[in-house]
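Read through the structure below, which is laid out as structure tokens, and then see the notes.
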Protein chains: 2
Amino acid sequence: MARELLEALDQAGVRLTGPRRELAALIARRTGHFTAADLLADAEQRSLGIGRATVFRLLELLADQNLVERVDLPDGRHAYVPCEPSHHHHLVCVSCGAISEVDDCGIDAVTAEAARRSGFEIQSHRLELFGRCPRCQNVEPRQ
Amino acid sequence: MARELLEALDQAGVRLTGPRRELAALIARRTGHFTAADLLADAEQRSLGIGRATVFRLLELLADQNLVERVDLPDGRHAYVPCEPSHHHHLVCVSCGAISEVDDCGIDAVTAEAARRSGFEIQSHRLELFGRCPRCQNVEPRQ
DNA sequence: ATCAGTATTGAGACTAAGTCTCAATACAAG
DNA sequence: CTTGTATTGAGACTTAGTCTCAATACTGAT
């Protein structure tokens, strides 16, 4: 998966540098969502000597490329999740942080209806679903 | 509208203090969304001598009471919008910041479908729609 | 292979956002 | 009025993110 990220960056015409390769590998081995601080901590733990700015710069690049998406957690923090570049939404497990992608599911009808009622010209939307993944439901049922 | 905020705070069993009254009035005279910094600036401009912490504390209180909702702007900033305490979603005008509330519009069907497909047990969701309000469409058509 | 030009880098200063502590104050119930 | 306690502002502190700049390292051309 790190490979895919790097290929996509290559396609985008940016240089494939050491720090970028290393960060791509760190992202690839993460499961679920992570924050910029998580990634920075990973890098520091391995003494990769990667600066804070570089982490933010890469995340921005990946987000531009839709290889990673920014998710606003219910507690207000910003996290990222690696994902397919097509438009979709995320299900975030509030227990373990696991992420699942869902594609359209009919939200277009909802936005069209909202546009009709309000007169707004809708350009984009963001739908985030929070709950518990199947695994966490089994571990601690009906909490 | 400041009155409504204060009444609701009273209901919630907190004290109706000077700073809270003043901030409620500032919120009431705002249109569209605003950030904590905006409110703080308003207060400073009027030399109300209200501390940063007080502003954040009140916003948290109001959010707990669902009198104000936190919105994550596309650029990643956090904003607040005063609103009805019932569940609903917001349309945010990216030109002028105007806010419009939309109620359900069939999103429950979407979340149910997503839950079915993923096996998640969905607890909450957040839908934000960004676009241009009717007024801004007229000012600068088809931008 | 090497070179040259330029994108990218890390360090660290800086800004902004938000939290926390604590002594002083002000509300509200009696 | 008095008194107990919630709330306050100041300001230190933390965390998130940006910016600058000189040094480095890709990459494409040679």
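Each chain gets a letter, A, B and so on, in the order the sequences are listed, and its residues count up from 1. Computation of the quantities below employed the complete heavy-atom set of this structure, encompassing side-chain atoms and omitting hydrogens, waters and symmetry-equivalent molecules.
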*Identify, with sequence neighbours excluded, every residue that meets salt bridge (charged side-chain N to carboxylate O under 4.0 Å, His left out) alongside Asp75(B).*
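Asp75(B) satisfies salt bridge (charged side-chain N to carboxylate O under 4.0 Å, His left out) with Arg77(B) only.
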_Checking Arg57(B) now: which residues fulfil salt bridge (charged side-chain N to carboxylate O under 4.0 Å, His left out) with it, not counting sequence neighbours?_
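For Arg57(B), no residue satisfies salt bridge (charged side-chain N to carboxylate O under 4.0 Å, His left out) once neighbours in sequence are set aside.
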*Determine yes or no for a side-chain-to-main-chain donor-acceptor pair under 3.5 angstrom, with Gln65(B) supplying the side chain and Glu60(B) the backbone.*
no
*Which parts of nucleotides 25-30 of chain D does protein reach within less than 4.0 Å, heavy atoms only, written one letter per nucleotide 5' to 3' as B for base, S for sugar-phosphate only and - for none?*
BBS---
Round to the nearest Å and state the distance from [X] atom [atom1] to [N] atom [atom2].
| X | N | atom1 | atom2 | result |
| --- | --- | --- | --- | --- |
| Phe56(B) | dC13(D) | CZ | P | 19 Å |
| Leu61(B) | dT19(C) | CG | P | 13 Å |
| Arg20(B) | dA26(C) | CZ | P | 15 Å |
| Leu6(B) | dC27(C) | CG | P | 13 Å |

*Looking at Arg57(B), does any N or O in its side chain come under 4.0 Å of the phosphate oxygens OP1/OP2 on dC20(C)?*
no
*Within less than 4.0 Å of OP1 or OP2 of dT19(C), is there a side-chain N or O belonging to Arg52(B)?*
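For dT19(C), neither OP1 nor OP2 has a side-chain N or O of Arg52(B) closer than 4.0 Å.
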*Set of side chain to side chain contact (heavy atoms under 4.5 Å, CB included) partners for Glu69(B), sequence neighbours left out*: Cys83(B), His88(B), His90(B)
*State which residues pass side chain to side chain contact (heavy atoms under 4.5 Å, CB included) with Glu4(A); sequence neighbours excluded, sorted by chain then number.*
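Only Met1(A) meet the side chain to side chain contact (heavy atoms under 4.5 Å, CB included) criterion with Glu4(A).
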*Members other than Phe56(A) in its cluster, when Ile, Leu, Val, Met, Phe, Trp, Tyr link by side-chain heavy atoms under 4.5 Å?*
none
Counting only pairs under 3.5 Å, give me each side-chain donor-acceptor contact of residues 7-29 of chain A, with atom names and distances, residues two or more places apart or in other chains.
| residue | atom | partner | partner atom | Å |
| --- | --- | --- | --- | --- |
| Thr17(A) | OG1 | Arg20(A) | N | 3.4 |
| Arg20(A) | NH1 | Arg15(A) | O | 2.9 |
| Arg21(A) | NH2 | Leu16(A) | O | 3.1 |

*Contacting residues from residues 30-44 of chain A, given that a heavy atom lies under 4.0 angstrom of DNA chain C*: none
*Using the test side-chain hydrogen bond (donor to acceptor under 3.5 Å, both in side chains), find all partners of Arg70(A) that sit at least two apart in sequence or belong to another chain.*
His78(A)
*Going by heavy atoms closer than 4.0 Å, what residues in residues 66-81 of chain B are next to DNA chain D?*
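Residues of residues 66-81 of chain B that come under 4.0 Å of DNA chain D do not exist, since none gets that close.
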*Could you list all the salt bridge (charged side-chain N to carboxylate O under 4.0 Å, His left out) pairs where at least one residue sits in residues 36-51 of chain B, not counting sequence neighbours?*
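Sorted result for residues 36-51 of chain B: Arg30(B)-Asp42(B).
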_ring-ring contact (aromatic ring centres under 6.0 Å, His included) partners of His89(B), counting only residues at least two apart_ =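 Result, ring-ring contact (aromatic ring centres under 6.0 Å, His included) vs His89(B): His87(B), His125(B).
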